[in-house]
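The model shown is predicted, which means the values in this text are computed figures rather than measured ones.
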Amino acid sequence: MKQRIAQIALVVDDYDDAIAFYTQKLNFTLVEDTRLSETKRWVRVAAPGSTDFCLLLAQATNEEQKSRIGNQTGGRVFLYLYTDDFWRDYNNLVAKSIKIIREPSEEAYGKVAVFEDLYGNLWDMIEPK
């Protein structure tokens, strides 16, 4: 048996704002944007060079879902973005005014910095050793 996680839902406030952030600020690829109904879309974005994992941008539709925007993990780092060039991507974050929560450091597993996405979700950006 072979299984894999193909995507994870990320609750967002607005499809278009989320698409703009991930594609224009993080340089993700818009993989799919399919209208399913008057208010629902199937929107997937992927990190540059990634072919087997996507974020499914899911627009909140009720108050409970809206309460989770930016805090899907109770304030812990939620997503981990691996890179092959830490300083290239870190400098991109700074140039695009993305909020850095924890400045770069060298850890046993590689270079890491923590940044915040459009909604306040925390990400580790890591260049593994």
Is [X] atom [atom1] crowded by more than 12 heavy atoms from other residues, nucleotides or ligands, each under 6.0 Å away?
X	atom1	value
K96	NZ	yes
R76	CZ	no
L36	CG	yes
E107	CD	yes

Partners passing ring-ring contact (aromatic ring centres under 6.0 Å, His included) against W87 (at least two apart in sequence or in another chain): Y90
What closest approach, in Å, do [X] and [Y] show between heavy atoms, and which atom pair accounts for it?
X	Y	value
E64	S67	O-OG, 2.6 Å
N71	N121	N-OD1, 3.6 Å
P48	N27	CG-O, 3.1 Å
A108	K129	O-CD, 3.4 Å
R88	D85	N-OD1, 3.0 Å

When rounded to the nearest 0.5 angstrom, what is the spacing between [atom1] in [X] and [atom2] in [Y]?
X	Y	atom1	atom2	value
F86	E127	CZ	CD	8.0 Å
I19	L30	CD1	CG	5.0 Å
Q65	R68	CD	CZ	9.5 Å
I5	C54	CD1	SG	13.0 Å

Could you check whether any side-chain heavy atom of [X] comes within less than 4.5 Å of a side-chain heavy atom of [Y], counting everything from C-beta outward?
X	Y	value
L55	L79	yes
L57	R44	no
T23	T29	no

Members sharing I101's hydrophobic cluster (side chains within less than 4.5 Å): V77, Y80, Y82, Y109, V112, V114, L122, I126
Aromatic plane relationship, W123 with F115 - under 30° parallel, 30 to 60° tilted, over 60° perpendicular: parallel
side-chain contact (heavy atoms from CB on, under 4.5 Å) assessment of T39 paired with T61: CA-CA 9 Å; T39 58; T61 59; 5.8 Å; no
Single-linkage hydrophobic cluster, 4.5 Å side-chain cutoff, F53 and W42 together: no
Test side-chain contact (heavy atoms from CB on, under 4.5 Å) applied to M125 and D89, step by step: CA-CA 9 Å; M125 183 177 69; D89 294 336; 3.5 Å; yes
Given L10, V12, L26, the one that forms side chain to side chain contact (heavy atoms under 4.5 Å, CB included) with D117: L10
N92 side chain to K25 backbone, donor-acceptor under 3.5 Å: yes
Side chain R35, main chain K40, donor-acceptor under 3.5 Å: no
Within residues 5-21 or reaching into it, pairs that qualify as side chain to side chain donor-acceptor pair (under 3.5 Å) - sequence neighbours excluded: D16-R41
Test side-chain contact (heavy atoms from CB on, under 4.5 Å) applied to L56 and I8, step by step: CA-CA 6 Å; L56 175 68; I8 186 169; over 6 Å; no
side-chain contact (heavy atoms from CB on, under 4.5 Å) between I98 and F21, intermediate numbers included: CA-CA 10 Å; I98 294 174; F21 177 83; 4.2 Å; yes
